[in-house]
Undergrad: 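Please find one structure pasted underneath; my questions will follow.
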Amino acid sequence: MVLYLSVAIIAAFVLWGLLNPAGLGTAAEAAVAWTTGTFGWYYLLAVLGFLLFCGFLAFSRYGGIRLGRDDEQPEFSTLSWFAMLFSAGMGIGLVFYGVAEPVSHYLVPPGGLTPETPEAARAALKYSFFHWGLHPWAIYSVVALSIAYFSFRRGEPTLISRTFRPLLGQRVEGPIGKTIDVLAIIATVFGVAASLGFGAVQINSGLNSAFGLSIGTPAQMVIIGVVTVLFLISAMTGLSKGIQLLSNTNVILAGLLMAGVFVFGPTVFLLDTFTTSVGGYVQDLINLSTRLTPFTGATWVGGWTIFYWAWWIAWAPFVGLFIARVSRGRTIKEFILGVLGVPALVSFAWFSVFGGTALHAALAGDTAVTTATDADISTALFALLQGLPLGEILTGIATLLIASFFITSADSATYVLGLQSSGGAKEPSNPVKFTWGIMQSLIAVALLLSGGLAGLQSASVMAALPFSVIMIGMCFSLFRALKSEFPSRTPGRTVSDTPTRPQDGPAPASD
């Protein structure tokens with residue numbers, strides 16, 4: 001039922017986008033304007049709450065609870081674990097916005113700052129850190145931790161709905177639970193489709209920079225078609241082969257590209273930029289987390305921060321399920337510190353190198369990157385690379401990296417969507433994965449036809465609102481379950497900090 005209902009809803013949306021793209025674009029624009037204008041405050045407070053909740057769990061007595069049997073060891077090595085969660089969680093978006101976002105903020109800064117000044121440059125990197133730092137990974141952690149705990153420790157199927165058993169009881173297996181799973185699938189499909197669209201647009205820009213391929217929707221449709229075939233082939237090989245291999249490849253390519261820009265760029269300036277920006281981010285974290293502009297009526301926060309929070313929430317069921325699947329055997333503290341800390345630091349380094357190099361050139365009077373960003377943000381990265389030594393080689397590496405991230409994200413999402421729509425099956429059937437692979441690509445096409453990059457952003461914002469409510473419920477349900485692992489405090493009795501496996505539920509799932 002979950003599979004058929006989800007496919008039917010998404011197929012209807014695809015038909016709307018293919019038959020009447022202008023109508024879909026108009027409706028999506030109106031829905032996004034209403035959502036960001038009405039619920040901006042809600043998104044900010046909810047995401048801050050997710051971050052605080054993760055911090056509490058990591059350093060509370062619950063941090064020692066293992067996601068699996070008490071004596072179980074992690075399934076994947078730490079390096080492969082980091083590679084897979086980073087590739088699935090940030091891949092295409094980080095490459096797409098690594099140059100474009102800091103330069104965009106530099107040209108149109110928040111808070112009434114004067115554009116194209118050193119103050120605007122500092123704010124640009126600080127906000128880039130904010131949008132790609134701890135908050136998105138807290139969103140992912142809430143979903144991933146809930147699924148991993150209930151699946152590996154309580155023996156539940158790997159479904160979003162089953163994380164609600166402490167609150168809903170047997171109703172998680174009925175219509176309420178199926179509704180939760182359908183909403184999770186819809187959020188996943190739209191969030192991932194937006195990223196696939198971004199990837200197709202930027203691959204198009206990379207091929208234009210390297211080979212002169214014209215930039216436009218027809219070329220992007222062909223790119224989506226070619227990459228769809230590649231990620232479907234990878235999806236059929238299973239999690240431990242295709243996705244793990246692609247994730248490790250991504251880390252190598254990303255490391256080579258970042259090292260090249262770091263060496264050929266203003267190296268000392270980049271080191272100073274990283275240090276200063278991290279300090280500014282930490283110092284202003286709470287202020288950034290609660291910043292709206294009700295008195296000035298400015299729309300900058302809605303256009304950037306609220307969009308990002310909605311995008312991360314739309315990605316959360318996909319990334320959360322995937323991270324949960326590869327995190328078995330780790331303690332809650334290890335899981336949260338790893339998922340929050342390492343990818344955030346890598347994102348900071350990425351923006352410092354790519355954004356810092358672009359801002360250094362802009363402050364020195366070189367307008368190549370700012371002009372390209374202002375005209376088409378998908379070309380920002382390649383405008384930067386073409387201005388560096390060995391620019392052609394770096395452009396080739398960047399294009400390969402984007403394509404590899406594209407394949408990895410789509411491959412991972414195909415696996416997760418198949419899992420969600422197959423009752424939590426550990427290895428969904430190839431026909432189910434094939435169906436979801438095609439649906440993702442068709443939605444990316446429909447969104448590009450209906451509104452280009454704006455259409456891709458709109459889809460994420462619309463899909464995120466209902467799932468954010470589900471995430472809040474997941475926090476309450478997880479906390480109730482974790483409390484049951486410790487005996488109640490009674491007069492004259494000492495409570496141990498060692499968790500006791502709850503006896504009221506299925507046994508832990510075995511391999």
Undergrad: If the plane angle is over 60° it's perpendicular, under 30° parallel, otherwise tilted; pick one for Phe129 and Phe348.
TA: parallel

Undergrad: Quick one: sort the Phe53 and Phe479 rings into parallel, tilted or perpendicular, breaks at 30° and 60°.
TA: perpendicular

Undergrad: Can you name the nearest heavy-atom pair linking Phe130 to Pro136, along with the distance?
TA: O-CD, 4.4 Å

Undergrad: May I ask you to test the Val339-Trp81 pair for a side-chain heavy-atom distance under 4.5 Å?
TA: yes

Undergrad: Given side chains that start at C-beta, do those of His360 and Leu270 come closer than 4.5 Å, heavy atoms only?
TA: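 No. Closest side-chain heavy atoms not under 4.5 Å.
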
Undergrad: Determine whether Pro115 and Val108 make a side-chain contact, defined as any pair of heavy atoms from C-beta on separated by less than 4.5 Å.
TA: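 With C-beta onward as the side chain, the pair stays apart.
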
Undergrad: For residues Cys54 and Val142, report the shortest heavy-atom separation together with the two atoms involved.
TA: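 Heavy atoms of Cys54 and Val142 come nearest at SG-CG2, 4.0 Å.
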
Undergrad: Report yes or no: do Thr158 and Ser151 form a side-chain donor-acceptor pair below 3.5 Å?
TA: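 A donor-acceptor contact under 3.5 Å links the two side chains.
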
Undergrad: Is the shortest heavy-atom distance from the side chain of His105 to the side chain of Trp300 under 4.5 Å?
TA: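 Yes, their side chains come closer than 4.5 Å.
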
Undergrad: Phe76 and Val326: which non-hydrogen atoms are nearest, and at how many Å?
TA: CD1-O, 3.7 Å

Undergrad: Below 4.5 Å, heavy atoms only, C-beta onward: do Val143 and Ile323 meet side chain to side chain?
TA: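 Answer no - side chains too far apart.
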
Undergrad: Quick one, Val189 and Met439 - any side-chain contact, counting heavy atoms below 4.5 Å?
TA: no

Undergrad: Could you check if a side-chain atom of Gln202 sits within less than 4.5 angstrom of a side-chain atom of Phe96, using non-hydrogen atoms only?
TA: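 Yes. Closest side-chain heavy atoms under 4.5 Å.
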
Undergrad: Is any side-chain heavy atom of His131 closer than 4.5 Å to a side-chain heavy atom of Tyr97?
TA: no

Undergrad: If the condition is salt bridge (Lys or Arg N to Asp or Glu O under 4.0 Å), which residues does Glu119 pass it with, not counting sequence neighbours?
TA: Arg122

Undergrad: Looking only at side chains, do Thr163 and Ser146 share a donor and an acceptor under 3.5 Å apart?
TA: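 Thr163 vs Ser146: no donor-acceptor pair found between side chains.
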
Undergrad: Show your working on salt bridge (Lys or Arg N to Asp or Glu O under 4.0 Å) between Glu72 and Arg66 and close with a plain yes or no.
TA: CA-CA 8 Å; Glu72 194 163 358; Arg66 193 169 291 277; over 6 Å; no

Undergrad: Checking the side chain of Thr276 only, and the main-chain atoms of Asp272 only, is there a donor and an acceptor separated by less than 3.5 Å?
TA: yes

Undergrad: Can you label the angle between the Phe307 ring and the Trp311 ring as parallel, tilted or perpendicular, going by 30° and 60°?
TA: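 The arrangement is parallel - the two ring planes meet at less than 30°.
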
Undergrad: Describe, in one word, how the ring planes of Tyr308 and Trp312 are oriented to each other, choosing from parallel (under 30°), tilted (30 to 60°) and perpendicular (over 60°).
TA: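 Geometry flag for Trp312 against Tyr308: parallel rings.
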
Undergrad: Under 6.0 Å between ring centres, would you say that holds for Trp132 and Phe351?
TA: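 Centroid distance Trp132-Phe351: below 6.0 Å, so yes.
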
Undergrad: Using every non-hydrogen atom in the two residues, find where Ala138 and Leu340 come nearest and quote the distance to one decimal.
TA: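 Of all heavy-atom pairs spanning Ala138 and Leu340, the closest is N-CD2, 3.3 Å.
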
Undergrad: Taking Ser60 for the side chain and Leu57 for the main chain, is one N or O donor matched with an acceptor at less than 3.5 Å?
TA: yes

Undergrad: For Ile139 versus Trp309, what's the shortest heavy-atom pair and its separation?
TA: CD1-O, 4.2 Å

Undergrad: Ignoring hydrogens and geometry beyond distance, is a side-chain donor-acceptor pair present between Tyr106 and Thr373 at under 3.5 Å?
TA: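 Short answer, no.
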
